[in-house]
Visitor: 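I have a structure here, written as structure tokens, and I will follow up with some questions on it.
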Amino acid sequence: MTEKHHGEKPVLRAAWLFPDILYLHGERGNMLAFQRVAGFAGAEVMVERIDFETEDFNPMDYDFIFCPPGELASLAAVIEWLSPYREALAEFIELGRVLAVTGTSQCIFGGKTGREDGSSLEGLGLIDCDFTERKAVYGDDIHVTTTYGGEEMEVFGSQIQMMDVHSREAAFGQVLYGFGNTGRDRCEGSLKKNSIFSNILGPIFVLNPWLTRKIVVQCLQNIGIEIDEFDFDMSLEMKSLATKKEFTASKVTKLTNSK
């Protein structure tokens with residue numbers, strides 16, 4: 001059993017998957033934000049980098065696993081390395097621990113990804129989701145509503161969509177502005193138990209600390225530590241959200257008027 005406490009301070013163990021290969025869009029900021037927000041909760045985060053040199057990887061040793069996005073061409077090697085741990089990762093998700101996956105790395109945990117060149121990539125099959133590489137990359141802001149940890153909230157970020165996401169899981173969010181999974185409905189990402197699979201970049205945890213706070217609370221609850229909602233200054237991010245909402249609303253107005 002992993003020791004969860006160091007003195008009186010709770011300790012969360014976090015696994016950061018393949019940071020040297022999955023490094024797009026500044027998503028390392030998500031792990032830094034998780035550590036910082038956990039600190040506001042009085043917790044310490046021990047981060048371990050998981051890569052091809054790691055021996056005896058056991059997902060169940062961790063309270064939080066983060067998988068940032070990478071180039072689609074680099075995902076096959078990661079999937080192959082993770083394949084022996086598929087059942088342990090499935091158990092991790094089913095037990096309600098928190099796996100956070102952003103951007104293209106959703107393909108690692110889903111089913112088949114159809115590539116533009118006619119080839120395909122088979123994921124771990126941990127979420128009921130397939131993918132289709134897009135002919136043209138879509139980029140814009142994205143604004144969604146979501147309910148996580150029993151709290152409804154707004155989440156804002158950017159989206160650099162390299163593939164359409166055909167998810168049959170519950171959606172992580174409902175799109176207010178932006179593309180979402182396919183651009184044909186309001187669904188964004190997937191939510192399975194407490195694990196998040198999202199197209200939202202930004203990084204999402206940096207721009208939306210209210211979401212990060214709920215994830216930290218969930219991680220602490222998973223190790224038997226009940227914590228009241230803890231407060232820290234999120235005024236800058238809230239003002240930023242309000243400004244960005246106004247900006248996207250103006251874009252919609254201009255688009256509507258131009259028709």
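Bear in mind the structure is a predicted one, so any value in this text is a computation, not a measurement.
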Visitor: Looking at Phe66 versus Phe34, is the centre-to-centre ring distance below 6.0 Å?
Guide: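 Phe66 vs Phe34: aromatic centres not under 6.0 Å.
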Visitor: Output yes when a side-chain donor or acceptor of Asp63 lies under 3.5 Å from a complementary backbone atom of Arg97, and no otherwise.
Guide: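 The answer is no, because no donor-acceptor pair under 3.5 Å joins these two groups.
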Visitor: Please give me the minimum heavy-atom distance between Pro203 and Glu27, naming the atom from each residue.
Guide: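 Shortest heavy-atom contact: CA-OE2, 3.4 Å.
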Visitor: For Leu176, what are the other residues in its hydrophobic cluster, where any two members join if their side-chain heavy atoms are less than 4.5 angstrom apart?
Guide: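 Joined to Leu176, directly or through intermediates: none.
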Visitor: Strictly distance-based, threshold 3.5 Å: is any side-chain N or O of Tyr148 a donor or acceptor partner for the main-chain N or O of Asn194?
Guide: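 Pair found, side chain donor or acceptor close to backbone of Asn194.
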Visitor: Taking Glu169 for its side chain and Asp128 for its backbone only, find out whether a donor-acceptor pair lies under 3.5 Å.
Guide: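 Yes; judged by distance alone, with no hydrogens or angles, the pair exists.
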Visitor: Are any side-chain N or O atoms of Thr146 and backbone N or O atoms of Phe172, one a donor and one an acceptor, separated by less than 3.5 Å?
Guide: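 A pair under 3.5 Å: yes.
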Visitor: Can Arg49 and Asp20 be said to form a salt bridge (charged side-chain N to carboxylate O under 4.0 Å, His left out), step by step?
Guide: CA-CA 9 Å; Arg49 297 161 62 98; Asp20 294 331; 2.8 Å; yes
Visitor: Just by modelled atom types, is the Leu236 backbone N or O under 3.5 Å from a matching donor or acceptor in the Ser240 side chain?
Guide: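 Not a single qualifying donor-acceptor pair exists.
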Visitor: Answer whether the closest heavy-atom distance between the side chains of Phe179 and Ile142 falls below 4.5 Å.
Guide: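 Heavy-atom side-chain distance check fails, nothing below 4.5 Å.
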Visitor: If we ignore hydrogens and angles and just use 3.5 Å, is the side chain of Asp140 paired with the main-chain N or O of Gly178 as donor and acceptor?
Guide: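 Such a contact is absent between Asp140 side chain and Gly178 backbone.
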Visitor: State which residues pass side chain to side chain donor-acceptor pair (under 3.5 Å) with Asn181; sequence neighbours excluded, sorted by chain then number.
Guide: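 If we apply the side chain to side chain donor-acceptor pair (under 3.5 Å) test to Asn181, skipping adjacent residues, the hits are Asn199.
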Visitor: Answer yes or no: is there a donor N or O on one side and an acceptor on the other, between the side chain of Asn30 and the main chain of Phe205, under 3.5 Å?
Guide: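 Yes, because the side chain of Asn30 sits within donor-acceptor range (under 3.5 Å) of the backbone of Phe205.
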Visitor: Establish, from distance only, whether the side-chain atoms of Thr113 and Glu133 form a donor-acceptor pair under 3.5 Å.
Guide: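 Distance-only check fails for Thr113 and Glu133.
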Visitor: Would a distance-only check, ignoring hydrogens and angles, find a side-chain to backbone donor-acceptor pair under 3.5 Å from Arg186 to Val175?
Guide: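 Looks like yes, one N/O pair under 3.5 Å.
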Visitor: Can you name the ring-ring contact (aromatic ring centres under 6.0 Å, His included) partners of Tyr23, sequence neighbours left out?
Guide: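 Partners of Tyr23 by the ring-ring contact (aromatic ring centres under 6.0 Å, His included) criterion come out as none, since no residue qualifies.
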Visitor: Working note: Thr104 + Phe131, criterion side chain to side chain contact (heavy atoms under 4.5 Å, CB included); need CA distance, chi angles, decisive distance, verdict.
Guide: CA-CA 10 Å; Thr104 54; Phe131 310 88; over 6 Å; no
Visitor: Tell me whether Arg115 contacts the main-chain N or O of Leu121 through its side chain, where contact means a donor paired with an acceptor under 3.5 Å.
Guide: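 Flag not set: sc Arg115 to bb Leu121 has no pair under 3.5 Å.
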Visitor: Is it true that a side-chain atom of Asn222 and a backbone atom of Gly96 form a donor plus acceptor pair closer than 3.5 Å?
Guide: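 Yes; judged by distance alone, with no hydrogens or angles, the pair exists.
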